[in-house]
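Presented below is the structure to which this report refers.
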There are 2 protein chains.
Amino acid sequence: MAIKKSKFDLQCADCPIRHRAVCSKCEADELALLEDMKFYRTFEAGQTIAWAGDDLTFVGSVVRGVATLGQTLEDGRTQMLGLLLPSDFIGRPWRKTSAYDVCAITDVTLCCFRRKPFEDMLVRPPHIGERLLEMTMDELDAAREWMLILGRKTAREKIASLLTIIAHREQAHDVPKINAPVTIDLPLTREAMSDYLGLTLETVSRQISALKREGIILLEGKRKVVVPDMARLLAQTGSDAISHL
Amino acid sequence: MAIKKSKFDLQCADCPIRHRAVCSKCEADELALLEDMKFYRTFEAGQTIAWAGDDLTFVGSVVRGVATLGQTLEDGRTQMLGLLLPSDFIGRPWRKTSAYDVCAITDVTLCCFRRKPFEDMLVRPPHIGERLLEMTMDELDAAREWMLILGRKTAREKIASLLTIIAHREQAHDVPKINAPVTIDLPLTREAMSDYLGLTLETVSRQISALKREGIILLEGKRKVVVPDMARLLAQTGSDAISHL
DNA sequence: CGCGAATTTGACACCACTCAAAGTATGTGG
DNA sequence: CCACATACTTTGAGTGGTGTCAAATTCGCG
């Protein structure tokens, strides 16, 4: 029995999203744990729930209302990356900050869980599920980064972003020297790149030629790219930084 | 001790992706279970591992090589939706068919798990993790559907796709009559729609006006859309069907 | 060396963007 | 209740970026 109740308090059993939200498969014992760690928060239409990069001290479910997940390029172009309807989940376990702008577009009520106890519920064996969850969330972040590229970037920015992403994936375990020349081994044909970026292969070819003409990249054969100055390439991506660096 | 070994057999302890793949957090007992249900398969460069809609009798990890995840529109336009590198996971628990085209772009070795025993490892309590995994995978599917829209569809197709998606989300629990008139309550402004679809708000407005002129939709106020014949709207989406119907 | 595939380059068209202005709701204060 | 302000939407005119179609060139490999 709760000692104090705010006007938004609600027993899980009476919750309108009980059968669809993250708690929908929980049995009585788990539900009791959640009941203890939960609290409600409300936001007015138009309010920002979190900016990208902000600390997000909770995770939780949308109980009522609609919110959006979005990201903004340095010059102000924005792309919506998700629509959060009742029962959808907000936040990511084990990550302290929000990767996205979260905005309430109608009045919104959230059922929030304090991060730490919620995470503790996830780390019990079998660990395979825990790891699969983590990997799926990484995939989701990658897909959303990709959405921003597909929706809002120019052909040149798309090419620069792709080169940057591949460069950093290859160099993941090397010393991260941003001022040293970098060699990128392209595993993709021009056509595969065009498929990746939502362009035609001719446009891909033209943009690569243009970057070469301007000395931002050098080609060694068709499948190797040398970047003499990674900062100059980064300046062509349209983003201040690539998120998963 | 395994009774028979193929040339691809490998002890988990010696596996090159042991520390990054889905099994990376497993302890000895879980690893022993996986060892029992796993088998290796190889694919040559260029081979298709699965077409969208095919039965996929396993889930598993990429051990070696690079594969792509993609989808194709009815007229042949394609969009890549994911790049699968060593340690990445293929397939989705509890789903029998592949939602995407999976292609090997280099020679690929997969460590496959039989679906059923793998799923059984995921369904133990706490169920909150299980449900969160399921929801995250739904989000990932939605993000990838969105990627196809952003990367390869025209403005008109984007609008038609958005209306279709919202219509079916709203009617999720109603009778799925495809021939009856449908009313869609748009929760989004023109600007929000443009953010969603990677368009400008002017283009959104023009396309909606065009669809109205042609009688494919009717407007009731600015925020309500009536679709007299859903089949005609579907014909404008560029897809044979919207996947999550 | 010679073939086929991949890539580059060119010319042109068109879709979607930009800038601008007019029209339409919605709500506020007099 | 009306006048006005504000936000949203629609429409127009003109431009530019990217797609389309076509041809030339280079690369990779037997």
Side-chain angles (χ1 to χ4, degrees), chain A residues 44-47 68 73 75-79 103 105-107 149-163 184-214 217-225 236 238, chain B residues 44-46 73 75-79 105-107 149-163 185-214 217-225 236 238:
Chain A
E44 287 176 16
Q47 246 189 312
T68 61
L73 257 28
D75 62 359
R77 283 173 287 176
T78 61
Q79 174 66 51
C103 298
I105 63 174
T106 66
D107 288 356
I149 292 173
L150 288 171
R152 290 303 182 194
K153 292 198 176 182
T154 65
R156 160 174 287 241
E157 289 169 341
K158 284 176 174 179
I159 299 288
S161 298
L162 176 60
L163 292 176
I184 304 172
D185 200 6
L186 274 185
L188 305 171
T189 65
R190 297 285 182 270
E191 186 177 18
M193 286 192 255
S194 73
D195 260 6
Y196 192 111
L197 299 171
L199 298 169
T200 59
L201 64 91
E202 294 94 329
T203 299
V204 170
S205 180
R206 270 186 261 269
Q207 293 298 333
I208 289 183
S209 298
L211 288 172
K212 185 176 62 178
R213 257 198 312 280
E214 296 170 32
I217 63 174
L218 308 169
L219 295 190
E220 284 185 4
K222 298 293 176 195
R223 297 288 177 85
K224 274 202 174 174
V225 176
Q236 304 294 316
Chain B
E44 289 176 14
L73 257 27
D75 62 0
R77 283 172 287 175
T78 61
Q79 175 65 51
I105 62 173
T106 66
D107 288 356
I149 292 173
L150 289 171
R152 290 301 183 196
K153 292 198 175 181
T154 65
R156 161 175 285 243
E157 289 169 341
K158 284 177 173 179
I159 299 288
S161 299
L162 175 61
L163 291 177
D185 201 5
L186 273 185
L188 304 171
T189 65
R190 298 286 183 265
E191 186 177 18
M193 287 191 253
S194 71
D195 259 8
Y196 192 110
L197 299 170
L199 297 169
T200 58
L201 64 92
E202 293 96 329
T203 299
V204 170
S205 180
R206 271 187 259 269
Q207 292 298 332
I208 288 183
S209 297
L211 288 172
K212 185 177 61 179
R213 257 198 311 280
E214 296 169 31
I217 62 173
L218 308 168
L219 296 189
E220 284 185 5
K222 299 292 177 197
R223 299 285 178 84
K224 274 203 174 174
V225 176
Q236 304 293 318

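Each chain gets a letter, A, B and so on, in the order the sequences are listed, and its residues count up from 1.
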What's the CG-P distance between A:D195 and C:dT7, to the nearest Å? 13 Å
I'd like to know if the side chain of B:D185 and the backbone of B:K224 have a donor-acceptor N/O pair within less than 3.5 Å. no
Show the distances under 3.5 angstrom between N or O atoms of the protein and N or O atoms of nucleotides 14-18 of chain C.
from	atom 1	to	atom 2	distance (Å)
C:dA16	OP1	B:A155	N	2.7
C:dC17	OP2	B:T200	N	3.4
C:dC17	OP2	B:T200	OG1	3.2
C:dC17	OP2	B:T203	OG1	2.5
C:dT18	O4	B:R206	NH2	3.0

Distance in Å, B:T154 OG1 paired with B:K158 NZ, rounded so as to fall on 0.5 Å steps: 8.5 Å
Heavy atoms under 4.0 Å, any strand shown: does B:S209 hit a base, just sugar-phosphate, or nothing? sugar-phosphate
Please tabulate, for the side chains in residues 195-207 of chain A, all donor-acceptor contacts under 3.5 angstrom to protein atoms that are two or more places apart in sequence or on a different chain.
from	atom 1	to	atom 2	distance (Å)
A:D195	OD1	B:T78	OG1	2.7
A:D195	OD2	B:T78	OG1	2.9
A:T200	OG1	A:T203	N	3.3
A:T200	OG1	A:T203	OG1	3.0

Give the angle between the helix axes at the two ends of the helix from C:dC1-D:dG30 to C:dG30-D:dC1, taking five base pairs at each end and rounding to 10°. 40°
Count the heavy atoms of every other residue, nucleotide or ligand shown that sit under 6.0 Å from CD of A:E191, and state whether that count exceeds 12. no
Under the side chain to side chain contact (heavy atoms under 4.5 Å, CB included) rule, what do A:K212 and A:V225 come out as? Steps first, then yes or no, please. CA-CA 9 Å; A:K212 185 176 62 178; A:V225 176; over 6 Å; no
Indicate the atoms forming the closest heavy-atom contact of B:K153 with B:S161, along with that distance. NZ-OG, 2.9 Å
Distances under 3.5 Å only, N/O to N/O: pair up the protein atoms with those of nucleotides 21-28 of chain C.
none

Straight-line distance of A:L150 CG to A:Q79 CD, nearest 0.5 Å: 8.5 Å
Would you give the length of the straight line joining atom CG of B:L188 to atom OG1 of A:T68, rounded to the nearest 0.5 angstrom? 9.0 Å
Output for pair (A:L211 CG, A:Q236 CD), nearest 0.5 Å, gives 6.5 Å
With sequence neighbours left out, write down each residue that passes side chain to side chain donor-acceptor pair (under 3.5 Å) with A:R77, or none if nothing qualifies. A:D75, A:E157
Nucleotides bounding contact with chain A, strand DNA chain D, heavy-atom threshold 4.0 Å: D:dT18 to D:dC27
Minimal heavy-atom distance between B:L219 and B:G221, with the atoms involved, is CB-O, 3.6 Å
Output all residues satisfying salt bridge (Lys or Arg N to Asp or Glu O under 4.0 Å) with B:E214, sequence neighbours left out; order by chain, then residue number. B:R156
Whole-Å distance, A:R213 CZ to C:dT7 C1', equals 15 Å
A:I217 to A:I208 - nearest heavy-atom pair and separation: CD1-O, 3.9 Å
